[in-house]
Protein chains: 2
Amino acid sequence: MNISARTEYAIRALLSLTSAQMAGSTTVSAESMANAQGLPKKFLEAILLDLKRGGLITSRRGSSGGYQLNGQAGQITLGSVVRAVDGPLAEVRGARPQDAAYDGDASHLPVVWVALRASIRTVLDEVTLLDVVTGELPAHVLGLADQPDAWRNR
Amino acid sequence: MNISARTEYAIRALLSLTSAQMAGSTTVSAESMANAQGLPKKFLEAILLDLKRGGLITSRRGSSGGYQLNGQAGQITLGSVVRAVDGPLAEVRGARPQDAAYDGDASHLPVVWVALRASIRTVLDEVTLLDVVTGELPAHVLGLADQPDAWRNR
DNA sequence: TGATTCCCTATTAATTAAATGGGATATACC
DNA sequence: GGTATATCCCATTTAATTAATAGGGAATCA
């Protein structure tokens with residue numbers, strides 16, 4: 001149940017591209033993203049390639065090349081980023097939640113796994129890159145983060 | 001964002017113990033749990049040790065020994081099981097969600113991570129072992145699993 | 001006493017995660 | 001055309017984690 005470095009780096013790089021899009025600039029190089037966010041450059045390059053293959057960004061080579069978002073920052077969700085770099089959300093022992101089959105005492109377990117994935121989706125598939133940069137997060141998400149113990153460990 | 005085999009095995013073993021508790025029996029051996037749920041026995045033993053150290057079960061050695069739940073099945077949540085065998089929910093690159101620190105474009109990201117963890121908690125910390133065995137899951141959880149596309153991949 | 005069953009440490013094998021290196025390919029600008 | 005820039009791509013490395021197994025010690029009961 002962890003967010004990988006890959007995913008975290010991907011999101012932070014895309015937030016740089018979002019910022020650039022808002023400022024009206026064209027492309028941003030891997031190097032400047034790595035510097036701005038403190039990410040290992042070659043590792044970031046590999047991640048950006050995944051993002052490109054996933055259709056989230058476009059790129060241009062050459063002297064004034066770099067990357068930019070493929071589409072509007074307000075249309076790109078964190079969920080799509082996670083899926084592009086780390087695969088499906090909430091897999092259970094390598095399988096999709098609804099495909100985990102059990103019998104006997106555990107027969108109702110898939111319902112729980114599906115609900116768990118659905119609850120994760122209510123956050124990751126509702127928050128866009130633009131939301132994160134502006135801090136104007138969906139009411140539902142702010143509500144979750146405003147719960148009494150949300151910021152405390154259990 | 002995955003559920004490990006460790007966690008899945010732990011839950012399935014505990015569901016066997018829940019069933020035994022409901023039937024009024026005393027202890028269940030690791031071997032019979034492994035057989036009933038099709039789990040590797042020695043691996044299961046290691047997991048049961050974690051569960052014991054986490055205070056979720058008790059054990060007795062010897063010829064009619066075995067394991068039993070420490071407390072009522074209706075009081076033990078899936079969240080406590082996950083924490084006992086796999087550590088904290090929803091860590092971000094090895095740190096707690098609220099401890100991930102960023103500046104610049106990513107400064108609002110911790111709010112998202114905390115909200116994500118909160119949403120996971122609304123499922124895992126609300127569902128008990130008894131709920132799963134009986135299939136009588138909390139309304140909130142059933143609601144999530146009843147959403148139109150909850151059972152479909154994205 | 002002997003069978004049973006948990007307890008515990010160590011080890012292994014496979015996979016994944018995180019990163020690095022080197023170089024080929026495309027682009028812009030002088 | 002030449003050169004600097006920057007993506008693209010493959011191969012390799014290192015470390016950590018995951019999943020599982022092995023072997024035997026310690027407690028318990030009949």
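The chains referred to below are lettered A, B, ... by the order of the sequence lines, with proteins before strands, and numbering in each begins at 1.
Protein atom CE of Met1(B) is 18 Å distant from nucleotide atom P of dT16(C), rounded to whole Å. Rounded to an integer number of Å, the gap from Leu48(A) CG to dT7(D) P is 8 Å. A straight line from CE of Met33(A) to P of dT5(D) spans 18 Å, rounded to a whole angstrom. Counting to the nearest Å, the C1' atom of dG23(D) and the NZ atom of Lys41(B) are 12 Å from each other. Going from atom NZ of Lys42(B) over to atom C1' of dG24(D) covers 9 Å, rounded to whole Å. Atom CD1 in Ile47(B) sits about 13 Å away from atom C1' in dT21(D), given to the nearest Å. Remark: P of dA19(C) and CG of Asp50(A) are 15 Å apart, rounded to the nearest angstrom. One interatomic measurement links the two molecules: CG of Leu49(B) to P of dT9(C), which rounds to 8 Å at whole-angstrom precision.
At a threshold of 4.0 angstrom between heavy atoms, the contacts of Ala46(A) with the nucleic acid are absent. Looking at heavy-atom distances under 4.0 Å, Arg53(A) makes contact with sugar-phosphate atoms alone, never a base. The residue Glu45(A) sits close to a base: some heavy atom pair falls under 4.0 Å.
Tyr9(B) has no side-chain polar atom (N or O) that falls below the 4.0 Å cut-off from OP1 or OP2 of dT18(D). Checking the phosphate oxygens (OP1, OP2) of dC8(D), a side-chain nitrogen or oxygen of Lys52(A) falls inside 4.0 Å.
With distances taken from any side-chain atom of Ser29(A) to the nucleotides dA20(D), dA6(D), dT28(D), the minimum falls on dA6(D). For Ser59(A), the side-chain atoms get nearest to dT7(D) when compared with the rest of dG23(C), dC7(C), dT7(D). Residue Phe43(A) has its side chain nearest to dA19(C) when only dA19(C), dC6(C), dC29(D) are considered. The side chain of Ser4(A) sits closest to dA18(C) out of dC8(C), dA18(C), dT20(C). Distances from the side chain of Ala5(A) to the nucleotides dT7(D), dA19(C), dA3(C) place dA19(C) closest.
Counting only N and O atoms by type, the side chains of Ser19(A) and Ser16(A) include no donor and acceptor under 3.5 Å apart. Checked by atom type, the side-chain pair Thr7(B)/Asp86(B) shows a donor-acceptor distance below 3.5 Å. One side chain, Gln98(A) or Asn153(B), offers a donor N or O that lies under 3.5 Å from an acceptor on the other. With 3.5 Å as the limit, one finds no donor-acceptor pair spanning the side chains of Ser32(B) and Asn35(B).
Residue side chain Arg61(A) reaches the base of dT7(D) through a donor-acceptor N/O pair under 3.5 Å, judged by distance alone.
Heavy-atom nearest nucleotides on DNA chain D were determined for Gly62(B) and for Arg6(B), and the one closer to the 5' end corresponds to Arg6(B). Between Glu31(B) and Arg93(B), the residue whose closest nucleotide on DNA chain C is further toward the 5' end is Glu31(B). Taking the nucleotide of DNA chain C with the nearest heavy atom to each of Asp86(A) and Arg60(B), the more 5' of the two is matched to Arg60(B).
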Under the salt bridge (Lys or Arg N to Asp or Glu O under 4.0 Å) criterion, do Arg83(A) and Asp125(A) qualify, and how do the steps go?
CA-CA 11 Å; Arg83(A) 291 188 188 95; Asp125(A) 284 345; 3.0 Å; yes
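Taken together through direct or relayed side-chain contacts under 4.5 Å among Ile, Leu, Val, Met, Phe, Trp and Tyr, Leu137(B) and Tyr102(A) form part of one hydrophobic cluster.
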